[in-house]
Every structure is written in structure tokens, then in C-alpha cells.
Peer 1: 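To start, I am sharing the structure in question, which I have written as C-alpha cells.
Counting begins at 1 with the first residue of the sequence. When a ligand or atom number is given, it counts from 1 through the structure's own listing order. No experiment lies behind these values; they were computed from the predicted model shown.
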Amino acid sequence: MLSVELAKELSNQVNAEYYSAYLYLGMSAFATRLGLKGTAHWLFVQAQEELAHGTHIYEYIIERGSSPSFTDIAQPPKTFDGVYGLFEMVLDHEQKITKSINAIATQALQESDHACYQFVMWFANEQVEEEANVNDILDKLRLIRENRGDLLTFDNELATRVFVNPFPANG
Ligand code: MG
């Protein structure tokens with residue numbers, strides 16, 4: 001069974017992940033209104049991932065024989081400061097999520113609940129990827145904002161290079 005404190009923090013994290021899904025669905029709808037189908041799709045997939053995260057944590061609380069305690073899911077914003085402002089908000093939000101995940105990991109370590117620590121570490125590593133992906137999007141949007149679209153196209157082309165080992169092992 002989880003400690004009361006860990007059960008509470010994990011329950012709050014379920015809420016945070018479901019709020020994330022809500023936020024990204026709202027952002028997806030906003031992108032749709034702007035006619036940006038690709039951005040809307042990315043955000044919709046992001047929302048689906050957050051639902052999966054929340055559900056996975058819920059299942060873990062149950063698996064550990066504890067009861068989740070849920071609170072209201074807040075209303076997300078309806079409008080955003082353009083696409084750049086939107087992704088800045090995504091980064092800011094994910095940084096907050098990283099902090100709450102790290103706080104749970106610290107609590108689990110303090111309690112020597114190594115199983116919980118290991119469970120939460122998957123999320124900690126996932127957050128590294130989440131933040132890197134959003135930073136990547138913001139970098140590209142900055143190039144577009146500076147009217148350097150050609151440089152972006154050129155860079156995308158270089159990104160497709162695949163390493164082929166020139167010295168494959170002899171069979
Ligand atoms: Mg998440």
C-alpha cells in the first residue's frame with residue numbers, strides 16, 4: 001500500500017495529467033480555428049498521451065491497494081497568444097509537470113518506496129522528451145518568425161540523413 005502522502009500526490013498527478021489533456025484539447029480546437037490542421041493534430045495526439053499518463057497513474061494507485069482522491073479539473077484557457085504563444089504555454093506547463101513529477105520521486109525516495117520511485121522515473125524521463133520536443137518546435141517557430149523559412153527547409157533536409165555503417169561485420 002502507498003503512504004497517505006504518496007497516494008495524495010499521485011492522485012494530484014492524475015488530475016494534472018487530465019488537466020493537461022483538457023489544456024491540449026483546448027489548444028487543438030484553437031489551432032483548428034486558425035486552419036492549422038497539423039498543429040491541431042499534434043496537440044490532439046498530445047492530449048491523448050496525457051489521458052494515457054493519467055490513467056496509468058490511476059491504475060498504479062489501485063495496484064498498490066490505495067484509493068485515489070480526485071478533485072475538480074480546472075477550466076483551460078480558450079484563447080492563446082498565437083501559435084508561438086501557445087507553444088510557450090505548452091513549455092511552461094510541461095516544466096510545471098516536471099516539477100510535480102520530481103516532487104513525487106523525492107517523496108518516494110524519502111519513504112524508501114523504491115517501487116514507486118521506479119514507477120515515477122518513467123514519467124521523469126518522459127518529461128525530458130516532452131520539453132525537448134516543445135523546445136524544438138519553438139526553435140522552428142523562431143526561424144519562421146524571422147522569415148528564415150528557407151533555412152528551416154534546408155535544415156529539415158539535413159535532418160533526414162541516416163547513418164550507414166561503412167564497416168558492417170563480416171558474416
Ligand atoms: Mg504527461
Peer 1: Ignoring hydrogens and geometry, is there a side-chain-to-backbone donor-acceptor pair from Ser66 to Leu2 under 3.5 Å?
Peer 2: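 Checking the backbone N and O of Leu2 against the side chain of Ser66, a donor-acceptor pair under 3.5 Å is found.
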Peer 1: Do side-chain atoms of Glu94 reach the backbone of Gln127 as a donor and acceptor pair under 3.5 angstrom?
Peer 2: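 Not a single qualifying donor-acceptor pair exists.
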Peer 1: Are there any protein N/O/S atoms under 2.8 Å from the Mg ion (ligand 1), and if so, which?
Peer 2: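 Sorted hits: Glu17 OE1, Glu50 OE1, His53 ND1.
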Peer 1: State which residue, out of Val90, Leu51, Leu86, fulfils the side chain to side chain contact (heavy atoms under 4.5 Å, CB included) condition with Tyr24.
Peer 2: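 In the set Val90, Leu51, Leu86, the residue that makes a side chain to side chain contact (heavy atoms under 4.5 Å, CB included) with Tyr24 is Val90.
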Peer 1: Determine the sole option in His93, Glu50, Lys96 for which the side chain to side chain donor-acceptor pair (under 3.5 Å) test with Ser20 is passed.
Peer 2: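 The passing option is His93.
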Peer 1: Could you tell me whether the side chain of Asn125 and the main chain of Met121 form a donor-acceptor pair under 3.5 Å?
Peer 2: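 Yes: the side chain of Asn125 pairs with the backbone of Met121.
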Peer 1: With rounding to the nearest 0.5 angstrom, report the CD1 to CD distance, Ile104 to Glu5.
Peer 2: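 These two atoms lie 10.0 Å from each other.
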